[in-house]
Q: 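Take this structure, written in structure tokens, and hold onto it; I'll ask about it next.
Numbered from 1 within each chain, the chains take letters A, B, ... in sequence-line order. Side chains included, hydrogens not; waters and symmetry mates left out as well; all remaining heavy atoms used.
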Amino acid sequence: MKKIILSALVLILIIAASGYYYVFIYSKNRKFDMEHAESMNIKADELVKAFQENEASANKQYLDKVLLINGVVGATAKTQAGETSVTLSSSDPFSGVMATLDSTITSQVKVGDTIDIKGFCKGFLSDVVITNAIIQ
Amino acid sequence: MKTTALSLLSTLLLCALTITTNAQKVYATKTGQVFFNATGGIEKIAAVNNQTDSKFVDQTGQIIFAVLVKGFKFENQLMEDHFNENYMESSKFPKADFKGYITNVKEINFSKDGSYPITVEGDLTIHGVAKKVSTKGTLKIEKGQPQIEGEFVVKIKDYGITGLYIGDKIAADASITINCKY
């Protein structure tokens, strides 16, 4: 009887420890492998047009998906948080694709460069917003 | 002839003055910050959005803040997934925004550096539900560049957000802090 109680206690302890590890340690330190993630390829101009023409439909297709976006750098800047943002131009001068680079990435891109940016699509405000981005 | 020329010149000067007086400036940023904090217990439930889109007009005080809900970053990925899927339903309601006015914008001298108290009133839309809100904040002018800081406290359930732990581990009232440099 004692053995059964002890085994049950050990089992509960293991389950609790595993749960704690998953929720508070693994989930906190887990980093998405953007470089090797599968992605959808699209041109910056096509992406902007898709959101401008039908935002609901574009959200269904692209929201939270990993995209590999090809385009010409229209602007680079630092965000208030100190991250680098790169905006790819589209045929609409008021709208583009604004990608915030992963904080570990240092970028040497210049305005006018044609580049591929890979990151999560978060939706559309003035620009299509991409986060956790890397340059490929 | 001289009188006619003088009158014409005066009229042109008056027109130019009127245009200058009425010229309004729109300040904008796409990389403002919105902080969210709904810590109800020991565990910190907080996130930041660094891609906040905001614009305001100096003459009228008209102001807008907009964020993409999926753009909020938590320290804990699991918490971020729960926030989006179980509470905010961010695939269904991808945006949250505030549209309103700085009601005392006339008290701000945009050409003079300083810290000006502001009152902001308008509609805050979260989770597809719009509510009238009013809050006080600060508009700072430094070297001609404005920065707005302010805080809204919202009752989560007022915005139709339901789910386990609200009022327990998740605070019933969440604070939304804004910091935008234009």
Q: Do other residues, nucleotides or ligands put more than 12 heavy atoms under 6.0 Å from Gln52(A) CD?
A: yes

Q: Could you tell me which non-hydrogen atom of Ser91(B) sits nearest to which non-hydrogen atom of Leu63(A), and how far apart they are?
A: CA-CD2, 4.0 Å

Q: So, for Leu125(A) and Gln51(B), which heavy atoms are closest and what is the spacing to 0.1 Å?
A: CD1-O, 3.7 Å

Q: If I measure from the heavy atoms of chain A, does Asn179(B) come under 4.5 Å with its side chain, its backbone, both, or neither?
A: both

Q: Which region of Lys181(B), side chain (C-beta onward) or backbone (N, CA, C, O), has a non-hydrogen atom less than 4.5 Å from a non-hydrogen atom of chain A, or is it both or neither?
A: both

Q: Nearest 0.5 Å, please: how far is CG in Asp64(A) from CG in Asn84(B)?
A: 6.5 Å

Q: For Ser90(B), which atoms come within 4.5 Å of any heavy atom of chain A: side chain, backbone, both, or neither?
A: backbone

Q: State whether the side chain of Gln33(B) and the backbone N or O of Gln80(A) hold a donor-acceptor pair below 3.5 Å, judged by distance alone.
A: no

Q: Do Ile178(B) and Phe35(B) share a hydrophobic cluster, counting only Ile, Leu, Val, Met, Phe, Trp and Tyr and linking them when any side-chain heavy atoms are less than 4.5 Å apart?
A: no

Q: What about Val48(B) and Phe32(A), same hydrophobic cluster or not, with Ile/Leu/Val/Met/Phe/Trp/Tyr joined at side-chain heavy-atom distances under 4.5 Å?
A: no

Q: Return the option, out of Thr87(A), Asp127(A), Asn132(A), Thr131(A), with the maximum number of heavy-atom pairs under 4.5 Å with chain B.
A: Asp127(A)

Q: When you group the ILVMFWY residues by side-chain heavy-atom contacts below 4.5 Å and let the links chain together, are Phe110(B) and Tyr116(B) in the same group?
A: yes

Q: Take a 6.0 Å sphere around NZ of Lys65(A) and say whether it holds more than 12 heavy atoms from other residues, nucleotides or ligands.
A: yes

Q: Can a side-chain donor-acceptor contact be found between Thr79(A) and Asn50(B) if the only test is distance below 3.5 angstrom?
A: no

Q: Can you tell which part of Val67(B) gets under 4.5 Å to a heavy atom of chain A, answering side chain, backbone, both or neither?
A: backbone

Q: Are Thr31(B) and Met98(A) close enough that some pair of their side-chain heavy atoms sits under 4.5 Å apart?
A: yes

Q: Are Ile148(B) and Tyr27(B) connected in a single hydrophobic cluster, I mean Ile/Leu/Val/Met/Phe/Trp/Tyr linked by side-chain heavy atoms less than 4.5 Å apart?
A: yes

Q: Indicate yes or no for a side-chain donor-acceptor contact from Lys70(B) to the backbone of Cys121(A) under 3.5 Å, with no hydrogens or angles considered.
A: no

Q: Determine whether Ile126(B) and Ile63(B) fall in the same hydrophobic cluster, where Ile, Leu, Val, Met, Phe, Trp and Tyr are linked whenever their side-chain heavy atoms lie under 4.5 Å apart.
A: yes

Q: Keeping the roles fixed (side chain from Asp53(B), backbone from Ser126(A)), state whether a donor-acceptor pair exists under 3.5 Å.
A: yes

